[in-house]
Each structure stands twice: as C-alpha cells, then as structure tokens.
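Side chains are part of it too, since the values below use all heavy atoms of this structure and drop only hydrogens, waters and symmetry mates. By convention in this document, chain letters (A, B, ...) are assigned in the order of the sequence lines, proteins followed by strands, and residues within each chain are numbered from 1.
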Protein chains: 2
Amino acid sequence: MAPRTRRSQRRTEALSRERIVEAAVELLDTAGEGGLTFRALTERLATGPGAIYWHVANKEELLDAATDGVVAAALAAERAGSAGRAERADRTQPAESAESVQSAESAQSPDSPQDKIRAIAFGLFGAMEDHPWLPTQLALQLSRSPWGAVTPQIFESIGRQVRALGVPEGHWFTATSALVHYILGAAGQNAANNAAARTLAPDVDRAEFLDTASKAWKELDPDDYSFTRAVAAQMREHDDREQFLAGIDLVLTGITALHLPSERGGTPPPAT
Amino acid sequence: MAPRTRRSQRRTEALSRERIVEAAVELLDTAGEGGLTFRALTERLATGPGAIYWHVANKEELLDAATDGVVAAALAAERAGSAGRAERADRTQPAESAESVQSAESAQSPDSPQDKIRAIAFGLFGAMEDHPWLPTQLALQLSRSPWGAVTPQIFESIGRQVRALGVPEGHWFTATSALVHYILGAAGQNAANNAAARTLAPDVDRAEFLDTASKAWKELDPDDYSFTRAVAAQMREHDDREQFLAGIDLVLTGITALHLPSERGGTPPPAT
DNA sequence: ACCTGAACACCGTTCAAGT
DNA sequence: ACCTGAACACCGTTCAAGT
C-alpha cells in the first residue's frame with residue numbers, strides 16, 4: 001500500500017502558531033522525538049519551512065512551546081478539581097492505596113492539601129504517560145532556562161498546597177523544591193520505563209516486561225549488586241502508581257515532621 | 001590571534017575506545033553539548049570518522065559511555081570513603097549544615113548510613129557541577145534504556161545504605177526509588193541553574209544572579225503566583241548545597257518514619 | 001502581513017580502499 | 001585488525017521573491 005498521506009490538502013484553516021505547536025505535539029506523540037522535523041511539519045501543514053519560521057523563531061522555541069502547552073493543560077485539568085475531570089475519566093485517581101504510607105494523622109478532609117498535591121502529581125504523571133517525549137524535553141528546557149515557563153507553574157501549584165499544609169514559612173522553599181524534584185524525577189523515570197517497554201517489546205504487556213527486567217536483576221553479579229538482586233522481586237510486583245504515591249507520601253511525611261516536632265522538642269523553625 | 005589548534009599532530013598513542021570517550025568528555029565540558037561533533041572529534045584525535053566508528057557504534061553509544069564513565073567515577077570516589085578524597089579536595093563536604101533538618105535521632109555515628117547517602121548524593125551533585133551536560137544526558141539515557149548502565153549503579157549505592165538504615169525489607173524498593181528520584185531531580189535542576197547562570201551572564205557571580213532571579217519572581221502576577229512571590233526572598237538567600245541536603249534529610253525523615261512508627265501504633269510494615 | 005521553495009551550511013554515518 | 005577520507009542522505013535555517 002501507498003505511504004498514507006495524512007490529509008495533505010487541508011489548507012482551509014490559516015496557519016498560526018497554535019496550529020503549528022499542535023501539529024508538533026501530534027508528531028512527537030506519534031513519531032517520537034526523532035519524528036519532529038521541519039520537513040515532516042511542512043508536509044503535515046502543507047506549507048514551506050519559511051511559513052513556519054514566520055510564526056516560530058526556531059526548533060527550540062517550538063519544542064518549548066509544545067512542552068509548556070502540555071504541562072499547562074495537565075495542571076489546568078487538575079486545578080479544575082474533582083469537578084471538571086474532563087477527557088481523563090479513564091485515568092485512575094489517587095485512590096487512597098491500601099499500602100500507602102500514612103502521614104501520621106488519621107482522618108483527613110476529603111480535599112486536604114495532601115490530596116491536592118497527589119492530584120497535581122498525578123496530572124503530571126499522566127501527561128508524561130501520554131507524551132513520552134515530555135520528560136526529556138522538560139529536562140532539556142530546564143537546562144536551557146531553569147526558571148522558564150514550565151517550572152514556575154509547577155512550583156506555584158505545589159507551593160500553594162505546601163503553604164496550606166501549615167509548613168512554617170521558613171521551610172516553604174525547601175519543602176516545595178523537594179516535592180517538585182521528587183515528582184519530576186519519579187514521573188520522568190516512569191515515563192522512561194514505559195517508553196522502553198514499548199520500544200523493546202511493543203507486543204508484550206507490562207507485567208511480562210517487569211518479569212523480564214526482574215529476572216535480569218536477579219542475574220547481576222552478587223558482589224556488585226547484592227541490594228539490587230535482593231529487591232528484584234519487589235520491583236516485579238510494584239505498581240507504578242502506588243509506588244509513585246508512596247514516594248510522595250514519604251516526602252510529605254518528612255515535610256509534616258517539620259512543623260509537628262513530635263514529643264521531644266525539635267529545633268524551632270527560623271521564622272523569617 | 002589564530003584559532004588555537006589543540007595539539008593536532010599527537011599521533012603517539014594509538015586510538016582506543018577509552019581515548020575517544022575521554023576526548024568526548026573534554027569536548028562536552030569545554031564546548032557544550034552542541035560542541036561534540038564527529039568532525040570536532042576527528043580533528044582533536046587527528047583521524048577520520050571511520051576510525052572512530054571502528055571503536056564506537058554511533059554517537060548515542062559514545063554519549064552513553066561518556067555519561068557512564070563520569071557517573072561511575074563520581075560513585076567510586078565517594079565509595080572510597082573519607083580516605084581517598086583524591087582530586088576533589090576543593091569540594092566542600094556535607095558539613096553538617098547548621099540549618100539542616102534533623103532526622104529525629106540526635107547523636108549519629110560519624111559514618112552512619114545517612115552520612116553515606118549524603119556523601120553519594122554529593123558526589124553526583126559535584127559531578128553534575130563539573131559536567132553541566134550530565135543531567136541532560138542522564139535524562140536522555142534514562143529515556144532510552146531506563147535500566148541501562150547508569151541507574152543500577154546509583155540504585156545499588158543508595159540501596160545498600162537504605163538497607164543499613166534498618167528499613168523493613170518490604171519498603172526497600174520504595175525508599176530507595178524515592179531517594180534516587182529526589183537526588184537525580186534536585187541535582188539536575190541545580191546543574192541546570194548553574195548552566196543558565198553561566199550562559200546568561202558569564203561575568204556575573206552567583207549571588208548577583210540569584211538576586212536578579214529573585215527580583216523577577218517578585219514581579220510576577222500576584223494572583224497567579226502568590227506563593228512564588230512570597231518565597232522569592234528565600235530563594236535569593238538559599239545555598240545550593242544546604243538546600244540539597246535539607247531535601248535529602250526530608251526524604252530520610254520520611255523513610256525513618258517507616259520503621260520508627262513513633263508512639264502511636266503505625267501500620268506494621270508488610271514483611272515480605 | 002504572510003507565505004513559497006530553492007539553496008546553504010552542517011551533521012551523523014557509510015564504505016571501498018588502503019596498511 | 002585498524003585506519004583513511006570522499007561521498008551520501010538528511011537536517012535546521014535563510015532569504016529573495018511572491019501575494
């Protein structure tokens with residue numbers, strides 16, 4: 001069969017930065033990071049490269065815009081709260097996993113700051129699952145301009161909940177940074193796992209992939225990798241979402257300890 | 001003056017994979033990620049591209065090897081312990097920062113697992129400072145093969161200390177993953193900051209850069225960025241190393257809570 | 001103001017040929 | 001077994017020219 005030309009002669013809508021970024025995201029999603037070229041883009045948009053350069057400075061800016069857009073959408077969807085869970089109904093929500101490490105207090109109000117932090121994290125987690133190129137591009141953008149468009153958005157979303165948590169002001173920056181770093185690191189690693197699973201064995205399902213990886217771990221050198229070998233079974237058993245949540249709860253527990261100095265007198269926070 | 005040709009006619013040593021990777025690291029360090037091209041490499045090594053391809057499959061493998069090497073060196077240096085602190089004497093050590101969040105217990109033995117975890121994290125932290133391209137390449141390699149050569153090394157190093165910490169076996173995987181994610185995320189972000197500071201204003205020092213960034217935060221929209229504005233002062237004041245350590249301690253506190261369920265009976269860990 | 005498309009400089013990679 | 005270097009396919013980007 002002929003190479004399927006995706007609706008080439010659609011010149012109805014005028015070219016715009018929006019349409020270009022949208023096409024870029026589609027291309028990244030379907031063809032991977034290597035699939036986004038100006039030639040592929042011009043074909044898909046039925047124009048010449050010059051037209052694209054009229055709306056976008058260069059490829060870097062295009063990738064940044066794609067990254068920004070996808071992250072903003074994820075944060076906005078989650079900010080809408082338990083109400084507008086549009087076009088994400090399939091996604092399993094936090095779900096109060098049975099295994100989850102409890103952060104001291106027992107009964108929390110249904111939409112506690114903790115829950116909201118989990119929700120935000122899940123939103124990003126899901127976005128990275130939908131767009132496997134996102135973690136890499138996030139990393140690239142961060143190394144280009146760390147306080148560019150994306151980080152402040154995430155930082156602010158998480159920070160507000162940290163504040164609501166009652167963390168002493170002197171620790172806001174530390175606590176929020178720690179959470180954001182964990183979330184970006186964990187979500188990125190996870191998306192990477194998924195991408196690898198898809199690439200290495202597109203036909204094989206997740207469980208089988210984990211099984212293979214687990215077996216590989218068990219065959220590592222006993223001297224050099226005693227711990228990794230010991231933990232191979234756990235890694236086969238683990239569920240990505242539970243694992244991710246458990247990590248968040250771990251950090252949340254640490255943060256909570258900042259203003260609940262247990263019985264013995266902890267160092268009083270240096271109120272700025 | 002003429003463009004300085006770095007010792008071009010050195011054909012004494014035979015070409016080898018080692019020498020190629022070494023040259024690649026040097027090129028990355030001095031010329032940045034865009035500076036590593038096969039043409040620059042051939043010039044530096046005084047050969048043709050074919051010679052390089054005899055020792056290395058492609059550019060991806062070359063970058064992976066460079067990343068592996070640098071990470072392995074960092075881990076090895078730290079594994080050597082407080083004894084062999086070779087060629088890193090300038091580096092400030094963990095230093096028991098006064099501000100550091102204490103993880104419950106008061107007096108810890110000089111080389112507790114906590115200290116070792118901090119040392120490993122610092123080693124990676126330092127490697128990313130020396131090699132600004134490392135975080136990006138780490139992210140890229142992770143998204144190519146998450147359980148390739150690098151991650152297991154880091155995972156094993158940290159995991160051993162988690163085990164030594166007395167964490168119940170059922171939580172080894174979770175605790176170690178959380179730490180590794182935080183470390184990679186935080187160190188990466190930090191290196192990104194440094195790279196940005198160097199790029200945007202090579203002549204300006206760190207303090208001035210932080211000051212500028214802080215002022216920019218204070219001018220954000222009060223509605224959209226109330227938290228970020230409130231925290232702008234803290235971010236100007238913050239010291240990278242202290243900040244990084246404080247985050248580690250936060251996670252460590254959360255992990256410690258796993259097996260020190262305080263007074264009230266916490267959920268007993270599901271011993272596998 | 002917006003778009004066209006040929007042309008340019010540069011890149012990773014290959015391969016027939018040498019030693 | 002190891003190296004040479006011309007050649008190839010492809011990429012991001014430019015720019016004179018059109019409407």
Side-chain angles (χ1 to χ4, degrees), chain A residues 3 5 7-28 30-67 133 136-137 140-141 143-145, chain B residues 3 5 7-28 30-67 133 136-137 140-141 143-145:
Chain A
T5 29
R7 59 212 162 85
S8 307
Q9 39 266 42
R10 263 255 232 136
R11 63 241 160 160
T12 3
E13 255 177 299
L15 204 54
S16 70
R17 193 186 152 95
E18 246 181 27
R19 260 177 61 78
I20 294 172
V21 173
E22 185 189 340
V25 170
E26 285 175 27
L27 224 33
L28 284 165
T30 56
E33 325 212 12
L36 177 60
T37 68
F38 275 84
R39 279 163 178 77
L41 213 47
T42 55
E43 197 187 339
R44 198 182 185 88
L45 294 168
T47 49
I52 294 173
Y53 276 95
W54 178 260
H55 296 277
V56 159
N58 49 36
K59 190 176 186 182
E60 209 169 81
E61 191 187 298
L62 181 56
L63 283 165
D64 282 356
T67 306
W133 48 272
T136 300
Q137 286 310 317
L140 286 173
Q141 181 173 352
S143 67
R144 280 195 295 262
S145 59
Chain B
T5 28
R7 60 212 161 83
S8 306
Q9 39 265 41
R10 262 255 230 135
R11 65 261 166 140
T12 2
E13 254 176 301
L15 205 53
S16 69
R17 192 185 152 95
E18 246 181 27
R19 261 177 59 78
I20 294 172
V21 172
E22 185 189 340
V25 170
E26 284 175 28
L27 225 33
L28 285 166
T30 56
E33 326 212 13
L36 176 60
T37 66
F38 273 84
R39 278 165 178 77
L41 213 46
T42 56
E43 196 186 338
R44 197 181 186 86
L45 294 169
T47 49
I52 294 174
Y53 276 95
W54 177 258
H55 295 279
V56 160
N58 49 36
K59 192 177 185 181
E60 208 169 83
E61 190 187 298
L62 181 57
L63 282 166
D64 282 356
T67 306
W133 48 272
T136 300
Q137 286 309 317
L140 286 174
Q141 181 172 352
S143 66
R144 280 195 295 263
S145 59

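Atom CG of A:L36 and atom P of D:dG12 are 7 Å apart (whole Å). Taking atom NZ of B:K59 as the reference point, atom C1' of C:dC11 lies 8 Å away to the nearest angstrom. Atom CD1 in B:I52 sits roughly 12 Å away from atom C1' in C:dT13 (whole-Å rounding). What separates CG of A:N58 from P of D:dT14 is a distance of 8 Å, to the nearest Å. Rounding to whole angstrom units, CZ of residue B:F38 and P of D:dG5 are separated by 17 Å. Per the geometry, OH belonging to B:Y53 stands 14 Å off C1' belonging to D:dG5, to the nearest Å. Computed from coordinates, the A:L63 CG to D:dC11 C1' distance equals 14 Å when rounded to whole Å. We find that CZ of A:R39 is positioned 14 Å from P of C:dG5, with the value rounded to whole Å.
One distance of note links OH of B:Y53 with NZ of B:K59; it measures 9.0 Å at 0.5 Å rounding. If you take OG1 on B:T136 and CG on B:L28, they are separated by 10.5 Å, rounding to the nearest 0.5 Å. Within the model, atoms CZ of A:R44 and CG of A:L27 stand 5.5 Å from one another, a figure rounded to the nearest 0.5 Å.
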Verdict with supporting geometry, B:Q137 and B:E33, side-chain contact (heavy atoms from CB on, under 4.5 Å)
CA-CA 9 Å; B:Q137 286 309 317; B:E33 326 212 13; 3.4 Å; yes

Give the intermediate values and the outcome of side-chain contact (heavy atoms from CB on, under 4.5 Å) for residues B:T67 and B:L140.
CA-CA 10 Å; B:T67 306; B:L140 286 174; over 6 Å; no

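Residue A:W54 places none of its side-chain N or O atoms closer than 4.0 Å to OP1 or OP2 of C:dC3. Note on B:H55: a side-chain N or O is less than 4.0 Å away from OP1 or OP2 of D:dC3.
Of the candidates C:dG12, C:dT13, D:dC3, C:dT13 carries the atom nearest the B:P49 side chain, counting heavy atoms from C-beta on.
Base pairing annotation: C:dA9 forms no Watson-Crick or G-U wobble pair, as no partner gives both donor-acceptor distances under 3.5 Å. Under the Watson-Crick or G-U wobble criterion, with both distances below 3.5 Å, D:dG18 is paired with C:dC2.
On the C1' atoms, D:dC11 is 12 Å away from C:dC8, given to the nearest whole Å. For the C1' atoms, the distance from D:dC10 to C:dA9 is 13 Å, rounded to whole Å.
Across all strands, B:L41 comes closer than 4.0 Å to no nucleic acid atom at all (heavy-atom distances).
Nearest-nucleotide positions on DNA chain C for A:T47 and B:A57 put A:T47 closer to the 5' end.
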